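All values reported here derive from a predicted model rather than from experimental measurement.
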Amino acid sequence: MGLPVPLPGRRRGASSNMRAALALLLLLAAADAMHRGRAYVRDKVCKEYRVLGKENFRTLTIIANSRKYSNGTFEEIGHLVRDIVSLAETCCTDGADPSCYDAGSTALSVKSCGADSPFPAHPGTAECCAHQGLERKLCLAALRHPPHPLPRYLQPSDKELCQAFRQDPREFADRFLYEYASSYSQAPLPVLVASTRTFLSMVSTCCISSSPTHCFLKEKLERKTLSLLTLTSNRICSRFSAYGKDKVSFSYLTSLAQKVPTASYEDLLPLAEDAAEVSSQCCDSTAEDCMQKKLLEHTTKVCTALSGRDGRFADCCKGKNLMENHFCILTMLPAPAPKLPEPYEPTNEELCGKEGALHATRYLFELARRHPCLPDAVLAKLYDFSGKLRGECCSTKDPSACLDGKRKWIEAEVFPFLEKGNQLCGHYHKLPFLEFKKRLRETLAQAEPEASPAQLEQLLEQRVSFASTCCLPEAPPLLCAAKVSSDLGEVCNKESCLLG
């Protein structure tokens, strides 16, 4: 099941086929979203179908729709793929009626709106189905499932892989494509396509090898860079999808501030902006090497700027494989809190001036480097909160009175919460898990002397759940945003803080 994809560090296929494949997928995802006419869409799809051939067309359709409908079942994706391939196979033959493609795509949209539709379910389907014709197709084409907070694909053992492959090679490949693409649905399309192709190539080669163990070891080593790229780019693009470019830049800025708190705002801001630019350029790009090329360029910039300043960055940057170096930096734990003077607090005039957002961001940067274990999810809420606060107060008749009132409230409620969040994650990083849980249980018992054993156990499990998911570098942003409120709400005086 060869996919026409050039691979990093391996044999390269036809570049034109790669571009054709990705152009095709964009067309499939957008259906009739082109505004240049139905004939243009039909001709374009049929051209790519002929270039790729039925099997590659089918394979790429599985990847595209598993990625788009990441919560759909294998069977639902299978139904959708069969109908899309059938449409192309029927309407892209020589002599096919020009109206064939439009009639077929209309039938697909009608089928999607049926009460017994076999396609992946989506909450927005009913609203789309209230429309007719092209408007309905455009609406249905825009639907997409939210990504999984964490990748759920678990690679079976080599023995299990070969057993499943020998039993039914086609079923094995289809199911792998579905599970992998839906699990890493935020990774850029070219990265997913390359990663799935090399994996299937590895299995098909090693399962018929006279020395499968040696073969798998060799192939996994060759795939290591691409595997890391898939994992890393899925994390990067999940954050970009959740935050947007400006907030991603802030997230990278505070992450670097916590890892090397001796570095200044001026040192780290260009690196954070560069990281956000990588996300902006490559997460939705169909350029075959965009993410790998830009990410490695970014890693070089980070290593050049910070290796001489911090020994841990120097250690991460020693390796010859830049992708491994980047992963090392990405998973680096926060540094110990430095001894720094109290941060400069922007005045009311500065917060409501033209550069108010800049002053607020700089102050949050200073908070982050003084609270290096404060999780990204909390800092992200602070970022949103600061924008909301400025929006509310700076538009009033008396901004200073509004901001002064908010400052008192922040000192009384937000700052204690930040200290507790920083302490929770600091203990999680430093202590063995069982010791962390034991100490946390003792702390909660002291803080909540009137709580019943069942209530204390519930609080304990909430804190442990939050820490084990959200204190880690590159924690899932949307899941942890919800967990700040659900698992730490009691720490922040229930609904009286920034958690709402």
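The aromatic rings of Phe433 and Phe436 sit tilted, their planes meeting at an angle between 30° and 60°. Ring geometry for His326 versus His298: interplanar angle over 60°, hence perpendicular rather than tilted (30 to 60°).
When atom types are taken as modelled, the side chain of Ser182 and the backbone of Tyr178 share a donor-acceptor pair closer than 3.5 angstrom. Distance alone, capped at 3.5 Å, is enough to place a donor-acceptor pair between the Thr331 side chain and the Phe327 backbone.
For Arg223 and Glu219, the salt-bridge test fails: no basic side-chain N is under 4.0 Å from an acidic carboxylate O. Ion pairing between a basic and an acidic side chain is recognised when a charged N comes within 4.0 Å of a carboxylate O; Glu222 and Lys218 show such pairing. Taking 4.0 Å as the cut-off between side-chain N and carboxylate O, Glu55 and Arg170 count as a salt-bridged pair. Ion pairing between a basic and an acidic side chain is recognised when a charged N comes within 4.0 Å of a carboxylate O; Glu89 and Arg58 show no such pairing. A salt bridge is absent between Lys294 and Asp274: the closest approach of a Lys/Arg side-chain nitrogen to an acidic carboxylate oxygen does not fall below 4.0 angstrom.
For Phe240, the ring pair (Phe, Tyr, Trp, His ring centres under 6.0 Å) criterion is met by no residue, not counting sequence neighbours. Taking Tyr252 as the reference, nothing meets the ring pair (Phe, Tyr, Trp, His ring centres under 6.0 Å) condition, with sequence neighbours excluded. Cys373 pairs by the disulfide bond (SG atoms under 2.5 Å apart) definition with nothing, not counting sequence neighbours. With sequence neighbours excluded, the residues satisfying side-chain contact (heavy atoms from CB on, under 4.5 Å) with Thr73 are Glu75, Glu76.
Seen from the ring of Phe74, Arg175 counts as a face-on cation partner, given the 6.0 Å and 45° thresholds.
The list of side-chain hydrogen bond (donor to acceptor under 3.5 Å, both in side chains) pairs with a residue in residues 308-320, not counting sequence neighbours, reads Asp267-Arg309, Asp315-Lys318.
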Show the atom names and distances, to 0.1 Å, of all donor-acceptor pairs under 3.5 Å that link a side chain in residues 140-163 to residues at least two apart or in another chain.
from   : atom 1 : to     : atom 2 : distance (Å)
His145 : ND1    : Asn71  : N      : 3.0
His145 : NE2    : Ala121 : O      : 2.7
His148 : NE2    : Ser70  : O      : 2.8
His148 : NE2    : Arg152 : NE     : 3.3
His148 : NE2    : Arg152 : NH1    : 3.4
His148 : NE2    : Arg152 : NH2    : 3.2
Arg152 : NH2    : Ser70  : O      : 3.1
Ser157 : OG     : Glu160 : N      : 3.1
Ser157 : OG     : Glu160 : OE1    : 3.2
Asp158 : OD1    : Lys220 : NZ     : 2.8
Glu160 : OE1    : Ser157 : N      : 2.9

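The closest side-chain donor-acceptor pair between Ser117 and Lys111, if any, does not fall under 3.5 angstrom. Under 3.5 Å, the side chains of Asn325 and Thr299 contain no donor-acceptor pair of N or O atoms.
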